[in-house]
Amino acid sequence: MKIYNTLTKKKEEFKPLEKLVVKMYVCGPTVYDDAHLGHGRTYIVFDLIRRYLEHRNYIVKFVMNFTDIDDKIIDRSKKEGVSIEDLTNRYIKSFFEDMEKLRVKGANVYPKVSEHIDDIIQFIDVLIKKGYAYISKDGIYFHVRKFKNYGKLSNVKLDEKKVHRVKDLNKRDPADFALWKFVKPGEPSWDSPWGRGRPGWHIECSTMAIKYLGECFDIHGGGSDLIFPHHENEIAQSEAYTGKSPWVKYWIHTGFVTVNDEKMSKSLENYVTLKEILRRYEPEVVRLFLLQRHYRSPLEYSEEELRDTANALERLYNTLENIEAMLRDAEVKYRLEKDDREVYDTLTNFWAKFYSAMDEDFNTPEALKCVFEVSSCINRYITVSNRPTRSTLLLAKDFFKVVGEIFGIFNKYYESSQGEDEEFKRLVDMVVNIRNKLRREKNYSLADEIREMLKKVGIQLEDTPKGTIWKKIV
Ligand SMILES: Nc1ncnc2c1ncn2[C@@H]1O[C@H](COP(=O)(O)OP(=O)(O)OP(=O)(O)O)[C@@H](O)[C@H]1O
Ligand SMILES: [Zn+2]
């Protein structure tokens, strides 16, 4: 399996530090507002990566933080006249609601900054003692020039303008960044050996990632806006603290959801919240929309494409129902006909291609092409073949199950068909047989009535030249 590593700027063979365990940290949201589609993309992409690694039999240890201390949070709480705690709890709850609807699997731990102040203080203390940090008038700073490998992730140079973003006379060097900010009136603060204050942004991720995943781990991710300065600074702090390098083996960054080619973001006010989108589209449509583009490419928000995705997903569900309907009376064959063999081989090929695409830096667009190819192939087979074989149908069903598990789709189908027991199937078959008898006796009005009654309880009948088939309406 190959992953594009922002650190080395190339695709690399994936080999975790431990053979079977993958340790992964993703920068979580700053909780002062509802999440938008851009945030959704980043978390759904990492959910896909996690699901794929699990599918490949890795045990994934997954940590994601909540930034619940931050300038934007402080501003918002003042503006709304609510406490920081109430505000952040409200948006953590809102975030979980969205993630649950979108079937984003939970992290093993969601550390909050406000609950790790002691760990952060201890971390900064070590940096001061090692000579990487210094105390100034308004806070404690990381001395960037002391860390020789600064810039290895983002390629920034210390004399570049970009690095000198905040001019501040209290710093030794314009590139230095705050680890601890001494208290200002009206801001939350905690005691520390150096005076009351609050942590800077970058230090939280270094501290909490090392606390829960150890001094070195496998994957660190986030949106590509985090490469500089956030992740560059995280590396500097962490490698200075542990004396070990590389701190993280693979850095993965997601592309932006864009609106008119600009990043969807709260500050540009060009965003659509997940809540709003989920009022209009099924969660699986949103997942598929976000995953049909490669995770590193930009993805333009488009209502038209969302509608197309909804139709595409419906077509796939329809294929699944066709498979289920055919399986009900498919026979085990002792000899495969030519067309059965061809379909069986085509399915196997596309399944292998699906894995190759996923193994090539999680190439979801290519993987999804295989899914649609299998769908057309199986629909053609069902229409053309006299009697599709059980083994071929089951192969297709298994393939779609794997796709569903990795992409987090087809939940309605696999959850409902798992609950479909034999007795239920026999009962529906019985009603269908009675209706067929009525049709043979030309009692069409009662036959139609039965069809309507079945529809009301969620079963759709289709009279085909090969007989009547029934499907669950999902
Ligand atoms: N438009 C976007 N597309 C993809 N990922 C995004 C987008 N906007 C934010 N992210 C990612 O979502 C995660 C959480 O972001 P965070 O809560 O820090 O918000 P943010 O970057 O301040 O958002 P905004 O720019 O809207 O204020 C980060 O990994 C960030 O890179
Ligand atoms: Zn972070």
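Since this is a predicted model, take the numbers as computed values, not measurements. Order of appearance sets the numbers: ligands from 1, and atoms from 1 within every ligand.
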**Report entry** For Y43, the ligand 1 atoms whose distance to one of its heavy atoms is below 4.0 Å
**Finding:** 13 (C), 14 (C)

Query - Ring-face cation contact, F66 with K112, 6.0 Å cut, 45° max - result: no

Query - Closest approach to the Zn ion (ligand 2) by E234, given as the N, O or S atom name - result: OE2

Query raised in the report: Are any N, O or S atoms from H202 nearer to the Zn ion (ligand 2) than 2.8 Å?
Result: no

Query - Under 3.5 Å: N/O of G223 near N/O of ligand 1 - result: yes

Report task. Compute the shortest N/O to N/O distance between T42 and ligand 1 and return yes if it is under 3.5 Å, no if not. Result -> yes

Query - salt bridge (charged side-chain N to carboxylate O under 4.0 Å, His left out) between K472 and E321, intermediate numbers included - result: CA-CA 7 Å; K472 271 194 173 179; E321 285 304 327; over 6 Å; no

**Report entry** Contact check: G28 vs ligand 1, nitrogen or oxygen atoms, below 3.5 angstrom
**Finding:** no

Query raised in the report: Any idea which atoms of ligand 1 are less than 4.0 Å away from a heavy-atom of G222?
Result: 29 (O)

Report task. Look at atom 22 (O) of ligand 1 and find which of M64, K266, K72 reaches it with the closest heavy atom. Result -> K72

Requested in this report: Measure from the Zn ion (ligand 2) to every N/O/S atom of H230 and report the name of the nearest one.
Outcome: NE2

Query raised in the report: Between the candidates G255, P29, G38, A35, which shows the shortest non-hydrogen contact distance to atom 6 (C) of ligand 1?
Result: G38

Query raised in the report: Considering only heavy atoms of M264, which atoms of ligand 1 have at least one such atom less than 4.0 Å away?
Result: 1 (N), 2 (C), 8 (N)

**Report entry** Nearest-neighbour protein heavy atom for atom 28 (C) of ligand 1, which is reported as residue plus atom name and distance
**Finding:** L226 CD1, 3.9 Å

**Report entry** Minimum-distance protein heavy atom relative to atom 19 (O) of ligand 1
**Finding:** H39 NE2, 3.2 Å

Query raised in the report: With a cut-off of under 6.0 Å to the ring centre and 45° to the axis, is K266 in cation-pi contact with Y32?
Result: yes

Query raised in the report: Where on T30 is there a heavy atom closer than 4.0 Å to ligand 1, on the side chain, on the backbone, on both, or on neither?
Result: both

Query raised in the report: Less than 4.0 Å between a side-chain N and a carboxylate O, is that true for K72 and D33?
Result: no

Query raised in the report: How close do L153 and E232 get, heavy atom to heavy atom, and via which atoms?
Result: N-OE1, 3.2 Å

Query raised in the report: Is the Zn ion (ligand 2) under 2.8 Å from any N, O or S atom of H231?
Result: no

